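Structure record follows, encoded as structure tokens.
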2 protein chains.
Amino acid sequence: MPASKTRRRGEHLERAILDATWAELSETGYSGLTIEAVAARAATSKTVIYRRWPSRAALVLAAWNHQAPVSVDEPDTGSLRTDLLTLFVTIARRVDTMMSEMIAGVMGEAFRHPEVAELLRDRLRAAPLHDRVQQIVDRAARRGELPPVRVPARALRIPLDLIRTEAMTCGAPLTDATITELVDDVYLPMLHGLASHPDR
Amino acid sequence: MPASKTRRRGEHLERAILDATWAELSETGYSGLTIEAVAARAATSKTVIYRRWPSRAALVLAAWNHQAPVSVDEPDTGSLRTDLLTLFVTIARRVDTMMSEMIAGVMGEAFRHPEVAELLRDRLRAAPLHDRVQQIVDRAARRGELPPVRVPARALRIPLDLIRTEAMTCGAPLTDATITELVDDVYLPMLHGLASHPDR
DNA sequence: TCAATAAGAGACGCAACGTATCTTAGGAGC
DNA sequence: GCTCCTAAGATACGTTGCGTCTCTTATTGA
């Protein structure tokens, strides 16, 4: 492409590449994503991309982090169970097919590139959604639905873990029935167990 | 390779290919696995493999299923908690790094090949380990540690799901601390919750 | 014994990899 | 405003593995 456009640099260029990566992901998925296609879409060249990110997985992770997380307000629905269902549905909507395939792909490469593994781990652990659970539990305690508990960090992560696992093994969005199952057969019992046998 | 060896066929040949696949998986992992290398190791040619399996993922799944599952006896340790810890450790030992990377790889391809997705789903759901949980719970009920419960199918799958998720995001075998966390902060509370608030 | 079938060898065009080289634009410092 | 110097961008390269194809030859079972 001759000089009709001015040459981009730094921050600006980087954003363009990450946006192009995200667009490619949406269109062709992780397995179909090629550095060459990203370069073409961003109207730059492979070299520029390789200068910044050492692997496809690193690029994709950067693009993922670059995507502004849509903030969601979690309303008080008046009961612990419906609060949880709402939360699970919110998470499930976010972990769609493209997302799952991307995570599977990045996971696969994480075994070869330790630095990717670390980035991925951080990404999955830092999810702001985890805090929501404690808020929901606190509300339930205030209502008297549950004795007050401090939910362990591990238990806070479970909703996202379960939904991700399910989405990845099904290769399709979660059905309402599955979500109800996760809440009624797993998570709600777990919270009741935690609350009524504290510590142990 | 000229005809020093007699030409293999059918069943016999198939086993040789699946064994070669498993060996390649162990050595180079899923991401490094190539059909050409498998063919070379099995002393056959690509054509023969492509005639039987449409994709790398399908071949790997077949090799996985072909691996004879090591049968493990699950002893009665005298308490629900230690029974569970023993079970979790058994599962975790089985889901080692190679296994996790393989599953991640197959999952990635499952999104493109629906028939692979189905095979994978079957493989993950049919795990004989699921039944163990109900046995352990029944024993605990007999001891009086827990009211008797019928654990829902979804809840039976949780141990394997959690361990797999953890192994895949860590890229390393689970530590004892993690296993203890999964039992104490998640699964044991869940069972107590299920047992003391049946149905709901 | 002979035909049908499947194994095995190899060549193919293709796509993307990751690297290396070179030119040129644009920003910083003076 | 001029000049460096850095980074952008283009392109070409060898490599690897893909998946398909064609052709020969061994084996089997009727």
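Reminder, nothing fancy here: chain letters follow the sequence lines and each chain counts from 1. Quantities reported herein were computed from a predicted structural model and do not represent experimental measurements.
No side-chain donor-acceptor contact under 3.5 Å links B:Ser79 and B:Glu145.
One interatomic measurement links the two molecules: CD1 of A:Ile49 to C1' of C:dG18, which rounds to 13 Å at whole-angstrom precision. Atom-to-atom, CG of B:Leu33 to P of D:dG17 comes out at 11 Å; the value is rounded to the nearest Å. Taking atom NE2 on A:His12 and atom P on D:dA7, their separation rounds to 18 Å, with Å as the unit. Separating the CD atom of A:Glu24 from the C1' atom of C:dA16 is a distance of 14 Å, rounded to the nearest angstrom. Taking atom CD on B:Glu11 and atom P on C:dA7, their separation rounds to 12 Å, with Å as the unit. Going from atom CH2 of B:Trp53 over to atom P of D:dT20 covers 16 Å, rounded to whole Å. Between the CD atom of B:Glu109 and the P atom of D:dG19 there is a distance of 8 Å, rounded to whole Å. In this structure, A:Glu36 places its CD atom 5 Å from C1' of C:dA16, rounding to the nearest Å.
You'll find the side chain of B:Pro173 stays beyond 4.5 Å of the side chain of B:Asp96, heavy atoms only.
With DNA chain C read from its 5' end, the first of the two nearest nucleotides for A:Thr47 and B:Leu13 is the one closest to B:Leu13.
Distance from the side chain of B:Arg7 is smallest to C:dA6 among D:dC18, C:dA6, C:dC17. Nearest nucleotide to the B:Ser45 side chain, out of D:dG9, C:dA16, C:dA9: C:dA9. Distances from the side chain of A:Thr6 to the nucleotides D:dT27, D:dG9, C:dG26 place C:dG26 closest. The side chain of A:Tyr50 approaches C:dG18 more closely than any other nucleotide in the set C:dG8, C:dG18, D:dA7.
Checked by distance alone, B:Lys46 brings a side-chain donor or acceptor within 3.5 Å of a matching partner on the base of D:dG19.
Distance check, rounded to the nearest 0.5 Å: CD of A:Glu181 to CG of A:Leu174 gives 10.0 Å. The CD atom of A:Gln67 sits 7.0 Å away from atom CG of A:Asp19, with the distance rounded to the nearest 0.5 Å.
Taking only side-chain nitrogens and oxygens, B:Arg52 comes nearer than 4.0 Å to OP1 or OP2 of C:dA7. The phosphate of C:dG8 (OP1 or OP2) has a side-chain N or O of B:Thr44 nearer than 4.0 angstrom. For the OP1/OP2 pair of C:dA7 and a distance below 4.0 Å, the side-chain nitrogens and oxygens of B:Arg51 include at least one atom meeting the criterion.
At most 12 heavy atoms of other shown residues, nucleotides or ligands fall within 6.0 angstrom of atom CZ in B:Arg150.
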